[in-house]
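One structure is given here, and the rest of the page talks about it.
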Amino acid sequence: MTALADMVWIEVRKALRSRVPLFTGTMSLFMPLGVAFLIFVARNPEISRKLGLISVKADLLAYSATDWAAYMRLSSMIAAAGAFFLFVLVVSWVFGREFSDGTLKDMLAVPVPRATIVLAKFIVVAVWSAVLSVIMLVIGLLMGAIIRLPGGSALAILQGSGLVLLTACLSIASVAPFAFFASVGRGYLLPVGIAVLALITANIVALAGWGGYFPWAVPGMLAQGETSLTAASYVVVILTALAGMLATYYWWMHADQNR
Amino acid sequence: MPGMTLAVETDKLGKRYGDVRAVEDLSLQVAQGEIYTFLGLNGAGKTTTIRLLLGMVRPTSGTATVLQTRVRLGSQEPWASVGYLVEIPRAYPELTVRENLEVARRLHPGTAPGGVSEIIERLRLAEYADRRAGTLSHGNAQRLGLARALLHHPRLLILDEPASGLDPAGIVEIRQFLLDLTREQGVTVFMSSHILAEVARLAQRIGIIHKGRLLQELTMEELERNRRRRLLIRTSNTEAAHQTLTSAGHPAAVLEDGTLELKAASAIDHPDEVNSLLVMAGTPPTHLAMEEEDLEQYFLRLIGVSGGAA
């Protein structure tokens, strides 16, 4: 346990000293702020008229978020898509930076098990992503209150918050394989590229009716209130997370490290 | 090395990348407390060997044993007692020198927290201790890499080009530091280098690697003996002198500038007799010098690279 605590300390220190938490934190602030701003614009015709194209986008959003329940559903969809990319960035940085900065070699011939090092990284990724999700939720709730959305019952807000957090949890679980992609690709490009591909594929697979079994489609479908999701859908996401963690561990244990 | 405790041992160690044979059939032994230098050109296979010894890459043939432990990929042993430096030392650029060393300390459980300040002092990094590693010069980054390798008081140091990037004063300082470690604490040093002068001043034994193969292993004394010597003579009458020497059983070559070159042991071991012979024949030497092949020439001759012929 001491070794794991030490490895977590190392990962936290590296993260806090970098600019990446500031960047991801800012992004997680801007997503709900942006959505709230567009809804605010759409609900105020005098501002909307002055903003042209923005007002068109705002109108589209406003139609889908007319009250708290719809607004929280919209926030969940952001957690499924926008936040997913943020989580991919986090996991890619935590794992990929060791390769791109050439620091991996100093973690290899050490008396700490590689499993502990990899686990500590996953713990930091999960906590970091969870913090970003909470920031998005809290800011979303605050903005919803500020723009005075109708239908703000305690139940609607509570249910909506639960949906946002559950979607975020599924998104966080679904990014575990990106640690493997960052390790194999020895940097950030491969995981980010695959993340784009995964979301495009998720849309196609969902249209074909198989989205419930595609791990990167499940969070989005949950956010949209799809009824086709089953217990198997959640199992697929959990298995994807486990497979991602195991593949990463296996790769760190057995692949040649030449950098 | 019968009866000796070995710190490093490889047996027919090999590593291939596709068709490229990075290291082939490498068998060497390094005794405990010894300074062994791996000498070779860039791309000779030095770094691959070091990565094989550290369990960073899987051998395609043979085995490596470090501190009596068979090296395996992903294993935790024997790294608590090994310090290393591979290629250009890298540090977390956003962390300070002290924080980077704190990271290294936690990667070696059991190392006292005070060890960080101690190694900062020993490697003269105090001035830069609170500076971000990303702003360090190459030389100071190298010092930080060495500090990380030494932090946990290892019994074996595996160092890839440890003098790289250091200024002349730094090279002398690190050399002395490594010598003190071996003499006072019995630390074993396995290091690679392509800087021949550095090797000559530090190593007790040298392994010469070329194109992935260990060409020769020799002690510094053997190296001295193996280096070619030649007797160079200039006289006012080269032709007559040449004839005199040849008739007396001292084969000589005439170089482009008219200098006579003698390589036979009979001449090299008795330059005084050669001198007397030429004086008696009326062609006294105007210049007589014994020239010894330097380390660089010896090395180049051994690996068959032009410029090595003395």
Side-chain angles (χ1 to χ4, degrees), chain A residues 1-23 93-121 124 183 186-187 246-259, chain B residues 15-17 22 47-48 50-60 66 71-96 99-111 132-134 144-145 148-149 151-152 154 156 158 160:
Chain A
M1 279 309 283
T2 317
L4 181 62
D6 274 338
M7 294 309 104
V8 170
W9 183 92
I10 288 174
E11 293 307 320
V12 170
R13 181 51 64 104
K14 285 190 285 198
L16 290 179
R17 284 290 190 179
S18 77
R19 293 196 180 98
V20 189
L22 184 69
F23 172 74
W93 184 79
V94 168
F95 283 88
R97 67 89 44 98
E98 304 292 356
F99 299 91
S100 54
D101 285 348
T103 46
L104 178 75
K105 60 193 178 194
D106 295 318
M107 303 185 119
L108 296 177
V110 293
V112 175
R114 285 188 200 173
T116 309
I117 295 171
V118 171
L119 181 63
K121 283 182 175 290
V124 169
S183 304
R186 298 170 195 274
L246 278 176
T248 309
Y249 166 70
Y250 186 85
W251 200 87
W252 275 59
M253 277 298 285
H254 300 289
D256 278 357
Q257 306 295 356
N258 290 309
R259 289 190 190 183
Chain B
K15 179 67 183 174
R16 278 185 184 206
Y17 293 102
T47 300
T48 302
I50 283 180
R51 285 187 182 272
L52 284 163
L53 290 179
L54 291 168
M56 293 181 182
V57 294
R58 188 188 304 279
T60 40
V66 168
V71 176
R72 291 180 198 284
L73 221 63
S75 166
Q76 290 161 250
E77 290 176 344
W79 312 127
S81 304
V82 177
Y84 64 94
L85 188 67
V86 181
E87 286 182 313
I88 305 161
R90 296 289 182 89
Y92 296 106
E94 67 276 9
L95 300 186
T96 64
E99 286 169 332
N100 267 290
L101 290 169
E102 182 59 29
V103 166
R105 187 185 76 77
R106 288 176 190 248
L107 282 165
H108 291 87
T111 310
R132 287 188 174 213
L144 173 56
R148 216 166 29 207
L151 176 68
H152 53 291
L156 168 66
I158 298 179
D160 195 3

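Of the two parts of B:A104, neither the backbone nor the side chain holds a non-hydrogen atom closer than 4.5 Å to a non-hydrogen atom of chain A. Interface remark: A:M7 contributes side-chain atoms only to the contact with chain B (heavy atom separation under 4.5 Å). Residue contact with chain B, scored on non-hydrogen atoms closer than 4.5 Å, involves the side chain of A:W9 exclusively. Of the two parts of A:L104, neither the backbone nor the side chain holds a non-hydrogen atom closer than 4.5 Å to a non-hydrogen atom of chain B. Looking at A:A255, only its backbone comes within 4.5 Å of chain B, counting heavy atoms on both sides. Heavy-atom distances place the side chain of A:R97, and not its backbone, under 4.5 Å from chain B. Of the two parts of B:R51, only the side chain, counted from C-beta on, holds a non-hydrogen atom closer than 4.5 Å to a non-hydrogen atom of chain A.
Of the residues considered (B:E99, B:H108, B:E87, B:E77), B:E99 shows the highest number of contacts with chain A, using heavy-atom pairs under 4.5 Å. Taking A:R19, A:H254, A:K105, A:M107 one by one and counting their heavy-atom pairs under 4.5 Å with chain B, the maximum is reached by A:K105. Contact count versus chain A (heavy atoms, under 4.5 Å) is highest, among B:V82, B:I158, B:L95, for B:L95. Taking A:D106, A:T116, A:V112 one by one and counting their heavy-atom pairs under 4.5 Å with chain B, the maximum is reached by A:D106. Here B:R106 is the residue among B:K15, B:R106, B:E94, B:R148 with the most heavy-atom pairs under 4.5 Å with chain A. For the set B:H152, B:R90, B:R132, the count of heavy-atom pairs under 4.5 angstrom toward chain A peaks at B:R90.
By the 4.5 Å heavy-atom criterion applied to side chains, B:V71 and B:L52 are not counted as neighbours. For the pair B:P89 and B:L144, the minimum side-chain heavy-atom distance is 4.5 Å or more. Between A:F95 and A:W252, some side-chain heavy-atom pair lies under the 4.5 Å cut-off. Proximity of A:V20 to A:V94: side-chain heavy atoms (C-beta onward) are nowhere separated by under 4.5 Å.
Interatomic distance, NZ of A:K121 versus CD of A:E11, reported as 3.5 Å (0.5 Å rounding).
Salt-bridge formation is not detected for the pair B:E102/A:R13: no Lys NZ or Arg NE/NH1/NH2 atom is positioned less than 4.0 Å from an Asp or Glu carboxylate oxygen.
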Can you list the steps and then say if A:V124 with A:V12 is a side-chain contact (heavy atoms from CB on, under 4.5 Å)?
-> CA-CA 7 Å; A:V124 169; A:V12 170; 4.0 Å; yes
Show your working on side-chain contact (heavy atoms from CB on, under 4.5 Å) between A:L108 and A:R114 and close with a plain yes or no.
-> CA-CA 7 Å; A:L108 296 177; A:R114 285 188 200 173; 3.7 Å; yes
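No donor-acceptor contact under 3.5 angstrom links the side chains of A:D256 and B:Y17, judged on distance only.
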